[in-house]
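Only one structure is covered here, and it is reproduced in the block below.
The structure displayed is predicted, hence computed values, not measured ones.
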Amino acid sequence: MKSLKLISSAITMLICFVSMAQERTIKGTVSDYSSVALPGVSVTIKKTKTGTATDFDGKYSIRAQKGDILIFSYIGFNTETVVVNDKDLINVKMKEASQNLNEVVVVGYGTSDSEYTTQNYTRSERKKDKKSVTEMLQGRTPGLQVQTNTQYVAPSNIKIHGSQSLPSSNEPLYVLDGVPVKSQQIARINPNDIQDMKVLKETSATSIYGSRAANGAIIIATKNNIYKNLTEQEINKKLNITVPVQPEVTNEDYDTFTENAFESPKAAPLSTFSIDVDNASYTNIRRFINNGQAVPKDAVRVEEMINFFKYTYPQPKDKDPFSINTELSESPWNPESKILRIGLQGKNIPTENLPASNLVFLVDVSGSMNNANKLPLLKQSMKILVNELRSKDKVAIVVYAGAAGLVLPPTSGNEKETIIKALDHLSAGGSTAGGAGIELAYKVAVENFIKGGNNRVVLATDGDFNVGSSSNADMEALIEQKRKTGVFLTCLGYGMGNYKDSKMETLADKGNGNYAYIDNIQEANRFLSKEFKGSMFAIAKDVKIQIEFNPKQVQAYRLIGYENRKLRAEDFKNDAIDAGELGSNHTVTALYEIIPAGVKSDYLNHQPDALKYTPVEENTTKYSTELATIKFRYKKPDGDKSIEMVAIIENKTISLQSSSTDFKFSTAVAWFGLKLRDSKLITNKSSDAILKLAKQGVANDTDGYKAEFIRLIEGAKLAY
């Protein structure tokens with residue numbers, strides 16, 4: 001009997017061995033029928049728990065063997081199944097689910113089926129009855145309503161809705177020759193100039209154009225691409241539109257703050273602040289500009305704009321977790337000033353050496369999240385993060401609406417299908433018990449705490465807490481208490497209209513955390529995949545900077561941005577004071593504007609005379625070559641005692657033209673931010689000058705983020 005059991009066990013082991021030997025890596029790309037890559041597609045092996053998801057470029061990799069059935073599923077598309085054969089490369093094209101899309105293509109003289117393509121539809125096949133733009137759309141698409149206005153200057157009111165929803169307001173996204181525009185422009189287009197139009201609904205629209213197309217999209221192509229590459233303002237001019245597009249009225253909430261003023265090193269010898277690796281302000285500004293809206297002044301945090309971009313600082317060479325880099329050059333906006341750039345480069349830890357993660361997804365499923373650019377985008381974002389997890393990592397999911405609950409207990413990172421299914425089952429409704437959700441998420445994180453690991457709550461919400469601890473002061477007290485548990489916090493913001501930036505920033509600032517605003521799936525891929533290590537793994541916490549300027553060289557200075565991160569001088573050595581976290585391979589950049597000694601400036605207030613008890617030595621060459629001394633303090637991620645680093649900054653100025661491309665670009669970003677804030681401390685506010693400097697600084701832009709910034713400047717050029 002024992003012999004039979006041994007033989008059976010041996011056979012089982014042999015089968016397993018043969019099965020493992022037959023396994024191989026299958027790779028490929030998933031796209032739609034227009035060859036547009038689809039990120040976040042779930043790829044699983046039928047009747048197993050093995051699964052993965054496609055990355056930003058639609059690529060996937062999975063271990064499988066001949067005969068396995070791969071299942072490809074994605075919201076808004078038909079599920080595809082492919083049998084693994086002898087090929088290691090399997091590319092898949094997914095077809096849009098017709099029952100969800102209900103879309104139709106509208107051409108200049110009539111309509112055609114959704115299989116219509118520009119290439120196979122000739123002018124001779126079109127009907128000859130000329131119609132206006134809105135007439136072309138009227139009655140042709142299920143769920144599309146057109147309410148015609150009598151005055152020519154007022155566009156018709158067009159709404160797109162699916163079979164399950166009837167939005168009472170909000171127009172669709174209009175794309176004219178590839179340029180997002182407003183209904184005012186559409187109303188003025190000559191129908192004879194239109195080549196064709198296409199109507200996209202719901203996920204069909206958002207999968208291509210992101211949250212801007214939450215209410216559907218109408219894609220219009222003109223003959224000879226008349227409006228291609230024009231800004232919205234240039235299109236207005238071409239169409240003789242003189243009435244400005246009015247910004248959407250919103251109920252968004254931003255903390256107000258006053259721009260940093262110039263200070264004298266005689267009266268204020270020390271400048272102290274916490275680092276800031278957040279970049280939510282930049283993506284939020286991008287959303288406003290892309291939507292043709294005015295950017296709220298208090299939504300602009302210049303340091304977050306600067307730190308959205310990565311710069312080529314050298315890796316640290318010693319035991320410290322980051323390198324220190326400085327550069328001094330001319331100010332592009334005030335001729336009499338100089339700009340000092342301070343850059344930190346975090347150590348790049350190989351992925352295999354990163355500690356195990358204990359993550360708790362805290363997901364807002366309240367009624368305010370029931371929009372396409374909120375919970376649906378949130379779920380797709382989380383799937384991207386799940387794709388980065390390893391077997392030693394674990395994830396739990398906590399949700400909150402009227403109450404908080406645990407919907408997925410801690411689950412291994414290799415059980416991706418289980419985690420993704422839990423995300424897919426989430427739906428929105430009810431009020432917002434944000435405080436209860438935070439309490440439960442931290443409780444789960446603490447109960448599963450990994451000593452020496454990456455313990456983190458990932459909060460995803462629009463920040464609209466309206467039950468329980470609702471005020472910023474209450475939230476601040478709660479999150480400061482939870483910070484003592486050693487659990488870090490990442491805040492992901494979604495949505496528009498009622499977005500509560502102030503609460504999100506408060507939570508991130510006070511909770512050993514970072515903060516990103518996710519405006520589309522591409523941003524989710526950037527923050528949660530491409531920059532996964534920097535976003536999710538801290539290598540240093542409570543990082544503070546203190547700089548002492550030499551009054552022999554510096555008449556006045558001001559820190560550009562970081563208004564909400566300034567600290568008192570005595571806070572620098574106080575280890576009880578919280579400061580910012582630095583992630584693996586993260587960069588942090590700060591800029592100071594300096595008025596050199598002896599220079600006349602319109603921005604100088606009355607400067608103090610030499611102080612009686614701390615006199616400035618006038619007749620000595622001591623420290624004559626030093627511009628400043630800079631100090632840094634940081635703690636290890638699991639440490640309580642800070643470590644200090646010191647560096648001397650020499651008074652060596654290079655011309656702006658000779659400065660590095662990183663200096664030019666970071667300064668151009670700051671300049672644009674100061675212009676958006678309508679700063680009273682810059683002389684030159686020329687958009688053309690900002691654009692020129694930014695173009696000179698474009699380098700190492702493999703992902704195209706810097707090129708996108710240049711397009712933003714061009715898009716806002718006439719509005720500001």
Worksheet item: Between Asp276 and Arg565, is the closest basic N to carboxylate O distance under 4.0 Å?
Response: yes

Worksheet item: Hey, does the side chain of Lys685 reach the backbone of Phe672 with a donor-acceptor pair shorter than 3.5 angstrom?
Response: no

Fill in: Any donor-acceptor pair under 3.5 Å from Asn358 side chain to Val395 backbone
no

Item to complete: With sequence neighbours left out, write down each residue that passes side-chain hydrogen bond (donor to acceptor under 3.5 Å, both in side chains) with Lys482, or none if nothing qualifies.
Response: Glu439

Practice prompt. Mark yes or no: Lys706 above the aromatic ring of Phe665, with NZ or CZ under 6.0 Å from the six-membered ring centre and no more than 45 degrees from the axis.
Written response: yes

Fill in: Pairwise distance CG(Asn455) to OG1(Thr485) - rounded to 0.5 angstrom
8.5 Å

Response to the item:
To the nearest 0.5 Å, atom OG of Ser337 lies from atom CZ of Arg558 at 8.5 Å

Practice prompt. Answer yes if the side chains of Asp662 and Thr312 hold a donor-acceptor pair under 3.5 Å, and no otherwise.
Written response: yes

Item to complete: For Gln657 and Gln696, run side-chain contact (heavy atoms from CB on, under 4.5 Å): C-alpha distance rounded to whole Å, both residues' side-chain angles, the deciding distance at 0.1 Å, then the answer.
Response: CA-CA 9 Å; Gln657 196 60 39; Gln696 291 174 1; 4.2 Å; yes

Worksheet item: With sequence neighbours left out, which residue pairs that include part of residues 296-306 fulfil the salt bridge (Lys or Arg N to Asp or Glu O under 4.0 Å) condition?
Response: Asp298-Arg677, Arg301-Glu304, Arg301-Asp501, Arg301-Glu505

Worksheet item: In terms of side-chain geometry, is the basic nitrogen of Lys541 or Glu581 positioned less than 4.0 Å from the acidic oxygen of its partner?
Response: no

Discussion item. Apply ring pair (Phe, Tyr, Trp, His ring centres under 6.0 Å) to residues Phe322 and Tyr634 and explain how you reach the verdict.
Written reply: CA-CA 10 Å; Phe322 52 85; Tyr634 70 91; 5.5 Å; yes

